[in-house]
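Notes follow once the structure below has been shown.
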There are 2 protein chains.
Amino acid sequence: MDQRDLSRYEEQARIIKALANPSRLMMVEELNKGRRNVSELTQLVGSDTSTVSKHLSVLKNAGLVFIEKMGTTVFYHLRMPCILDFFNCIEAVMEANAFGQMETVISCKTKSQS
Amino acid sequence: MDQRDLSRYEEQARIIKALANPSRLMMVEELNKGRRNVSELTQLVGSDTSTVSKHLSVLKNAGLVFIEKMGTTVFYHLRMPCILDFFNCIEAVMEANAFGQMETVISCKTKSQS
DNA sequence: TTCTTATTTGGCAATATAGCCAAGTAAGAA
DNA sequence: TTCTTACTTGGCTATATTGCCAAATAAGAA
């Protein structure tokens, strides 16, 4: 295990961790439609403004969004060209899981019949 | 905000969270080469066996791996057909970040020159 | 059965995360 | 300047995560 590899995994984990939160996923999906300011995202998520602001700073530190200031309002933009691939991948895992659960039910039925 | 949407985001977050750890990323990448038992993964990661076992149970609960028992040893298999897309996406963000840092350096230089 | 090897689970301490409220900052309006 | 609006930061608590050690389990071997 190389030190370079380790820090690469740590950096990857940092970015993935920034996405590993329901509120932040919601915001990312919304930002994929276009720029949004903090108030708009706050309304979407339904938490305190400060909470949303902190979520946004997590996304910013991970490099997933960038800001554009206009007067007193701050617009957040998504910088994640691969977002569709990313969500499709997670979606595929979820589908596989749903299918797996179905199989379990079937196999239980089969067992109870035998 | 629909309750269905919320729980979808929660489920997505749970899967993403399972990937958001350096040791688990290391294991996932290794498992992409083929099945591995706990000892092999323990050696790879360099933590305690119990720690690795718990990491594996996180991956299993997320549906990202499944097991195959052979006598006393347990082989873990990756179930993530999209793993390449996933890593490529994260890689793209990392590259964009590196590029962004470079830009910052350049813009600082430019500013100090003006 | 006892011994050994492979793995999982329980329990604990250290650290990180999430959310709220209150306080601080920043930019424009009055 | 003061007021207001938009946002960020500090501070706190509750909860979750990580990693270790020790103990439990499971399956063969002796």
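Below, each value reflects all heavy atoms present in this structure, side chains not excepted, and no hydrogens, waters or symmetry copies. Letters go in sequence order (proteins before strands), and every chain restarts at 1.
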- [ ] Enumerate the residues from residues 49-70 of chain B whose closest heavy atom to DNA chain C is under 4.0 Å, giving them by residue number; use none for an empty result.
- [x] B/T49, B/S50, B/S53, B/K54

TODO: State which residues pass side chain to side chain contact (heavy atoms under 4.5 Å, CB included) with A/V38; sequence neighbours excluded, sorted by chain then number.
DONE: A/T42, A/T49, A/V52, A/L56, A/Y76

Task: Residue whose nearest DNA chain D nucleotide is more 5′ - A/T73 or B/S23 - done: A/T73

Task: Over all atoms of both residues, closest heavy-atom pair of B/L41 and B/E30 - done: CD2-CG, 4.1 Å

Open item on the list: Looking at A/E29 and B/R8, is any side-chain nitrogen of the basic one under 4.0 Å from a carboxylate oxygen of the acidic one?
Closed with: yes

TODO: Starting from P on C/dA18, measure out to CG on A/L19 and report it in whole angstrom.
DONE: 12 Å

Open item on the list: Taking the two cysteines B/C89 and A/C89, do their sulfur (SG) atoms come closer than 2.5 angstrom to each other?
Closed with: no

Open item on the list: Tell me the interatomic distance from A/D48, atom CG, to D/dT8, atom P, rounded to whole angstroms.
Closed with: 12 Å

Open item on the list: Pick the closest DNA chain C nucleotide for B/K17 and for A/T72 by heavy atoms, then say which residue is nearer the 5' end.
Closed with: B/K17

Open item on the list: I need the CD-P distance between A/Q43 and D/dA6, as an integer number of Å.
Closed with: 12 Å

TODO: State whether B/N21 places a side-chain N or O below 4.0 Å from either non-bridging phosphate oxygen (OP1 or OP2) of D/dT18.
DONE: yes

TODO: Check whether any side-chain N or O of A/S39 sits under 4.0 Å from OP1 or OP2 of D/dC7, and answer yes or no.
DONE: yes

Task: Distance, nearest 0.5 Å, that separates CG of B/L59 from CZ of B/R24 - done: 6.0 Å

Task: Length of the line joining B/N37:CG and D/dG28:P, which is rounded to integer Å - done: 15 Å

TODO: Taking only the side-chain nitrogens and oxygens of B/Y76, find out if one of them lies under 4.0 Å from OP1 or OP2 of C/dT8.
DONE: yes

- [ ] Only counting residues at least two apart or in another chain, list the ones meeting ring pair (Phe, Tyr, Trp, His ring centres under 6.0 Å) with B/F86.
- [x] A/F86

Task: Shortest side-chain distance from A/V38, nucleotide among C/dC21, D/dC7, C/dA6 - done: D/dC7

